[in-house]
**Q** 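The structure under discussion is supplied below as structure tokens; questions concerning it will follow.
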Amino acid sequence: AMQSEPGRLYVVSQNDQASFLEPLSILLLEFVDADMRRRMKDLGIYTLGDIQKIPVIDLEKQFGYRAQRLSRLAFGIDTDFVKAKWLRWK
């Protein structure tokens with residue numbers, strides 16, 4: 001993770017996921033586009049912790065179908081498969 005040394009693994013326990021993610025910027029979420037970022041800024045949402053404080057029903061009013069995923073990711077819940085950004089050559 002971002003707090004580990006290069007080449008080292010940083011383990012976050014399930015119980016600590018939300019608090020670990022809380023201070024991180026919404027800019028780390030790849031699916032958040034410029035329009036969504038602008039809207040978040042207007043609403044005072046800058047960190048994953050800000051998202052954690054908002055009930056999903058209120059997020060849905062602002063972000064529609066993306067609200068569920070937004071909320072899950074803010075709490076460290078991600079069911080997507082890991083995808084390599086590049087191929088590893090042998």
Side-chain angles (χ1 to χ4, degrees):
M2 294 170 51
Q3 295 184 5
S4 65
E5 296 176 25
R8 297 245 181 208
L9 183 64
Y10 187 87
V11 178
V12 178
S13 74
Q14 231 176 347
N15 295 335
D16 296 330
Q17 285 176 343
S19 61
F20 175 80
L21 295 170
E22 186 177 5
L24 301 181
S25 171
I26 59 163
L27 299 176
L28 295 172
L29 300 175
E30 290 182 7
F31 79 100
V32 175
D33 60 18
D35 181 50
M36 199 170 176
R37 280 195 302 270
R38 213 173 6 263
R39 215 169 190 178
M40 288 181 169
K41 182 180 176 185
D42 291 344
L43 295 168
I45 300 170
Y46 299 97
T47 66
L48 298 181
D50 294 335
I51 296 169
Q52 292 172 3
K53 295 173 191 170
I54 303 170
V56 176
I57 194 159
D58 292 333
L59 286 172
E60 286 174 341
K61 292 173 186 171
Q62 294 296 323
F63 305 109
Y65 71 92
R66 298 181 285 187
Q68 292 284 334
R69 183 160 189 236
L70 189 59
S71 181
R72 284 194 312 267
L73 291 175
F75 283 99
I77 302 165
D78 186 0
T79 57
D80 288 352
F81 291 102
V82 175
K83 299 173 207 125
K85 289 193 175 201
W86 62 85
L87 295 174
R88 185 174 186 171
W89 299 98
K90 292 184 180 185

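Positions are given from 1, in the same order as the sequence printed here. Just so we're clear, the structure is a prediction, and the values are computed from it rather than from any experiment.
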**Q** Can you name the closest pair of heavy atoms from S19 and P23 and give their distance?
**A** O-CD, 3.5 Å
**Q** Around F31, counting heavy atoms of other residues, nucleotides and ligands shown, do more than 12 lie under 6.0 Å from its CZ?
**A** yes
**Q** Report the hydrophobic cluster partners of F75, with the cluster defined as I, L, V, M, F, W, Y residues connected by side-chain heavy atoms closer than 4.5 angstrom, directly or transitively.
**A** I77
**Q** Partners of S13 by side chain to side chain donor-acceptor pair (under 3.5 Å), sequence neighbours excluded?
**A**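 Side chain to side chain donor-acceptor pair (under 3.5 Å) list for S13, sorted by chain: D16.
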**Q** Scan for salt bridge (charged side-chain N to carboxylate O under 4.0 Å, His left out) pairs involving residues 50-76, sequence neighbours excluded, and state none if there are none.
**A**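 Of all non-adjacent pairs touching residues 50-76, those that pass salt bridge (charged side-chain N to carboxylate O under 4.0 Å, His left out) are D33-R66, D58-K61, R69-D80.
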**Q** Side-chain heavy atoms under 4.5 angstrom apart, residues restricted to Ile, Leu, Val, Met, Phe, Trp, Tyr: same cluster for L29 and Y46?
**A** no
**Q** List the residues meeting side-chain contact (heavy atoms from CB on, under 4.5 Å) with L21, not counting sequence neighbours, and say none if there are none.
**A**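 With neighbours one apart ignored, the set is L24, L48, Q52.
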**Q** In the single-linkage hydrophobic clustering (I, L, V, M, F, W, Y; side-chain heavy atoms under 4.5 Å), do L27 and F63 co-cluster?
**A** no
**Q** Run the side chain to side chain donor-acceptor pair (under 3.5 Å) test against D78 and tell me which residues pass, sequence neighbours left out.
**A**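 Scan of D78 (side chain to side chain donor-acceptor pair (under 3.5 Å), adjacent residues dropped) gives none.
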**Q** Check whether V32 and L73 end up in the same hydrophobic cluster, where Ile, Leu, Val, Met, Phe, Trp and Tyr are linked by side-chain heavy atoms less than 4.5 Å apart.
**A**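 Linked, V32 and L73 end up in one cluster.
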**Q** Can you list the steps and then say if I26 with T47 is a side chain to side chain contact (heavy atoms under 4.5 Å, CB included)?
**A** CA-CA 5 Å; I26 59 163; T47 66; 5.7 Å; no
**Q** Return a table of donor-acceptor pairs under 3.5 angstrom between the side chains of residues 38-45 and protein atoms on other chains or two or more places apart.
**A**
| from | atom 1 | to | atom 2 | distance (Å) |
| --- | --- | --- | --- | --- |
| R39 | NE | Q62 | O | 3.4 |
| R39 | NH1 | Q62 | O | 2.9 |
| R39 | NH2 | Q62 | O | 3.0 |

**Q** Could you measure the distance from the CG atom of L59 to the CG atom of L70? Nearest 0.5 Å is fine.
**A**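 The CG atom of L70 is 5.5 Å from CG of L59, to the nearest 0.5 Å.
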